[in-house]
Amino acid sequence: MHLKYDHRIIESKWQQTWEKTNAFKAAEDPAKEKYYLLEMFPYPSGRIHMGHVRNYTIGDVIARYKKMKGFNVMHPMGWDAFGMPAENAAIAKGVHPKAWTKDNISYMKDQLKQMGFSYDWDREIATCKPDYYRWEQLFFIRMFKEGLVYRDRGFLNWCDTCKTVLANEQVEDGKCWRCGTQIRLKEHNQWFFRITRYAQELLDSIKDIKQEWPERVLTMQKNWIGRSTGTHIRFAIKGMDNKIEVFTTRPDTLYGATFMSLAPEHPLAKTLSKGSDQEDRVRRFIEKTLLDDALTRTSDQYEKKGVFTGRYCINPLTGKKMPIFVANFVLYDYGTGAVMAVPAHDQRDFDFAKKYDLPITIVIQPEDSVLDSDTMEAAFVEDGILVNSDSFNGMENKKAIHAITSLLKETGQGEATINFKLRDWGISRQRYWGTPIPMVHCEKCGLVPVKEEDLPIVLPEEVEITEDGISSISEIPSFIHTTCPECGGKAIRESDTMDTFVESSWYFIRYCCPLSDQAPFDKDKVAYWMPVDQYIGGIEHAILHLLYSRFFTKMLRDLGFIDISEPFKRLLTQGMVIKDGAKMSKSKGNVVDPENLIHAYGADATRLFCLFAAPPERDMDWNDKGIEGASRFLGRLWRLSTEIKDESAKAPAMPGDVPSDMKGLKRKTHQTIKKVTEDIDKRFRFNTAIAAMMELVNDIYKARPEARNADDFAVIKESVEALIIMLSPFVPHITEELWSLLGHDGMLVHQKWPEYDPLWCEVEETTIAIQVNGKIRGTIAVKQDAPADEVKALAMANNNVKRFIEGSNLVKVIHVPNKIVNIIVKPA
RNA sequence: GCCCGGAUGGUGGAAUUGGUAGACACAAGGGACUUAAAAUCCCUCGGCCUUUGGGUCAUGCGGGUUCAAUUCCCGCUCCGGGCACCA
């Protein structure tokens with residue numbers, strides 16, 4: 001009788017053994033090449049979901065594989081523990097966010113352990129703990145001193161009924177998700193990180209990671225940073241001292257600028273109309289427009305509307321009056337929030353001019369036709385020759401861009417500039433569950449940072465939680481009232497907390513030295529482990545999290561904390577787990593709980609299924625039935641290994657009477673080792689690696705009845721053992737058990753990855769396809785690398801091929817070695 | 001709307017550098033074993049036609065390049081991700 005495969009017993013047994021023996025504890029060892037593998041840490045939402053299982057299984061395969069390859073692997077795990085869901089849960093259930101988060105962490109940690117992931121739990125981090133966020137507060141203070149933090153006007157979603165600030169996620173169709181009240185944008189001073197100071201470097205250093213990051217992620221980041229070269233132009237306002245500055249990539253059209261459009265958020269929008277009969281209309285227009293979100297406002301279908309402010313500015317080149325409008329399609333976030341309108345050469349300006357009957361002046365003519373401003377039906381946006389532009393008439397517009405910019409520069413009315421779409425990072429959150437911003441408002445001294453020795457500023461726990469919400473720390477007198485670090489007088493603490501993206505922008509460095517309490521980072525340890533060799537996470541983080549982390553790394557370098565410039569050497573973006581056509585997520589209610597799978601089929605089967613279902617980069621469509629196949633395969637592996645052990649023990653040592661040939665299996669074994677190694681190492685294609693190992697299992701099953709003597713069984717044993725070792729990163733528990741059942745002493749986690757013998761990988765014979773005029777008409781078997789003449793002759797001799805070439809004239813024969821022969825014929 | 005991806009049998013997917021489309025699985029159907037069931041093992045499995053040799057269509061749609069296109073180019077459709085306060 002053989003032991004039955006019982007995942008419940010085996011999995012917990014090996015999980016305990018690994019833990020007891022500290023199998024995954026990482027320590028600096030200069031003699032060994034380090035490998036820092038990291039998966040994006042989870043938000044402790046309550047239970048792990050399929051996305052976590054997929055992400056962490058992919059990571060675990062690589063971590064275990066690299067360890068077997070001899071690397072000193074660090075594979076840490078932690079918790080992105082601040083954030084909105086904890087507050088929502090607090091409101092819904094009356095639990096304190098801290099308690100809710102703590103419970104979730106302990107439950108999810110247990111779940112991760114049940115999956116058998118190879119984490120070094122000694123490095124665990126939770127971002128909501130003061131011993132973590134105190135360093136973030138230190139960074140904030142140092143950044144403030146370097147001018148990398150500033151306070152500026154910003155806009156918040158405000159619900160008048162709930163009297164609360166709403167996150168974008170909490171706004172549905174412009175209305176509050178709880179009470180349905182139309183939200184409005186409220187002005188509020190907020191803290192910003194000056195990420196734009198790094199815009200150029202973030203763009204330039206893409207070349208340093210280019211080889212190892214997915215192309216599409218870098219493309220998205222480049223577009224997000226959005227560098228463009230253009231010109232700043234200042235327009236004088238009639239009757240005022242102020243000027244309006246615009247950014248344009250088309251200074252060549254300046255002579256055609258006939259009016260000015262301001263974003264409703266523009267500080268001048270209200271000021272310009274003050275005291276005029278337009279004041280009320282402008283105010284109403286701005287209020288109305290601010291209700292529409294940015295997506296709507298940039299849409300093609302969005303009706304372009306505006307209102308005259310009652311004021312004019314002066315075109316710096318023509319000297320003509322240009323009416324100033326507030327227009328709903330102008331965005332405050334891009335450029336300067338003001339656009340010089342050139343209706344003849346910009347479609348939006350054209351539509352606007354037609355609607356409000358504003359002058360259209362053509363300043364660029366195409367070379368092959370003549371435009372007429374009275375009859376044109378769309379803006380002319382192509383290249384052409386300047387007209388109506390004084391001394392620039394007749395110049396190609398591309399050249400005029402530089403010529404006009406030079407003129408503006410000479411007259412002090414503008415200059416060439418570079419503009420980025422990237423905006424500074426607003427990090428203020430008017431929420432309780434986050435890192436307190438270590439600043440103090442003093443009436444006398446203004447904004448003063450907390451003294452570094454007074455850190456951490458601990459988030460107070462005594463908050464009021466009701467069904468309606470959670471009080472802000474601004475309502476806790478003991479927290480809010482303090483003394484000024486500079487003058488010692490009465491002062492008020494900043495009560496905004498930081499965006500949780502700040503915590504996740506540097507956690508990967510802290511993993512190198514999670515316990516250090518003298519400084520955020522231990523330089524030696526960081527120097528050994530950083531950068532992360534392989535980072536793995538969802539494609540949904542392609543821009544924000546990854547860009548913020550890159551920014552933080554560069555900034556911490558400049559603040560003297562670390563010596564590297566890019567945090568993640570290699571990136572793998574894993575696709576999402578999709579069910580019913582949408583991303584599996586709590587908010588969509590289509591979540592599959594992996595816990596049921598682990599109980600019913602085991603962690604190994606769950607891991608195998610996740611890896612086999614799709615390649616990591618692709619979205620994975622959830623299918624409940626697939627796990628059966630994974631589970632069946634493990635049963636097959638189990639029986640094969642235990643039975644072979646008995647059979648080989650009984651086999652006669654001397655060659656038996658029936659000759660047999662195990663060459664085929666030996667070849668397949670080495671080819672499989674090669675294939676699996678390359679699939680993991682070069683391509684991260686775990687699904688095809690598993691398929692290859694399934695093929696090997698099928699071949700062993702077929703070869704088994706042919707085995708007669710000890711030599712034959714030695715080949716089979718070699719196959720089975722190679723298989724068990726190669727499968728161990730994928731299904732670590734069952735393989736560990738089989739390894740020990742086969743009589744091995746040491747644990748499989750400490751085994752070396754198998755090597756393949758190139759000689760045994762060679763193919764003896766290959767099947768090549770014969771085409772006639774590009775259509776397959778037969779196949780022939782030939783020796784690997786057979787000479788072209790021989791192959792061509794064999795191809796022409798094929799019976800079916802003959803039917804298609806007989807009676808035609810041979811044009812040519814294309815031979816691609818070991819692949820195909822294509823015979824081109826023409827009818828006679 | 002803007003930026004970035006994706007689409008291959010009933011299903012998940014494979015085809016690594018332009019060279020036999022459908023590897024490996026799932027589901028389905030058939031058979032063996034069994035008192036029976038489960039498990040296991042074996043076989044069939046894109047559509048249509050067929051004289052069972054094979055022929056023909058087929059990788060979201062429409063064009064193109066090539067001896068040869070799932071793969072490269074152009075134009076679409078649909079689906080997904082991101083859009084700066086979800087993480």
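Proteins come first, then strands; the chains are lettered A, B, ... in the order of their sequence lines, and each starts at number 1.
- Judged by distance alone, the side chains of A/Asp152 and A/Asn189 never bring a donor and an acceptor atom under 3.5 Å apart.
- Nucleic acid contact for A/Asn800: sugar-phosphate only, since backbone atoms but no base atoms lie under 4.0 Å from a heavy atom of the residue.
- No contact: A/Ile770 has no heavy atom under 4.0 Å from any strand.
- In this structure, A/Arg348 is not positioned above the aromatic face of A/Phe329 in the sense of NZ or CZ being under 6.0 Å from the six-membered ring centre and within 45° of the axis.
- Per the geometry, CZ belonging to A/Arg632 stands 6 Å off P belonging to B/U40, to the nearest Å.
- Within 3.5 Å, a donor on the side chain of A/Gln430 pairs with an acceptor on the base of B/C85, or the reverse.
- Annotation for A/Glu215: atom CD does not count as buried by contact number, only 12 or fewer foreign heavy atoms lying within 6.0 Å.
- Classified by its glycosidic torsion, B/G53 falls in the syn category, the angle being within 90° of 0.
- Here A/Ile690 lies out of heavy-atom contact (under 4.0 Å) with every strand.
- The base of B/U16 sits within donor-acceptor range of the side chain of A/Lys675, with an N or O pair under 3.5 Å.
- In this structure, A/Leu634 atom CG and B/A39 atom P are separated by 16 Å, rounded to whole Å.
- For B/C4, the base has no donor-acceptor partner in the side chain of A/Glu540 [N/O atoms by modelled type, under 3.5 angstrom].
- In the interface, the side chain of A/Asn168 is not paired with the base of B/C85 through any donor and acceptor atom under 3.5 Å apart.
- Salt bridge A/Arg153/A/Glu265: absent, no basic N to carboxylate O contact under 4.0 Å.
- With a cut-off of 3.5 Å on both Watson-Crick or G-U wobble distances, the partner of B/G1 is given as B/C83.
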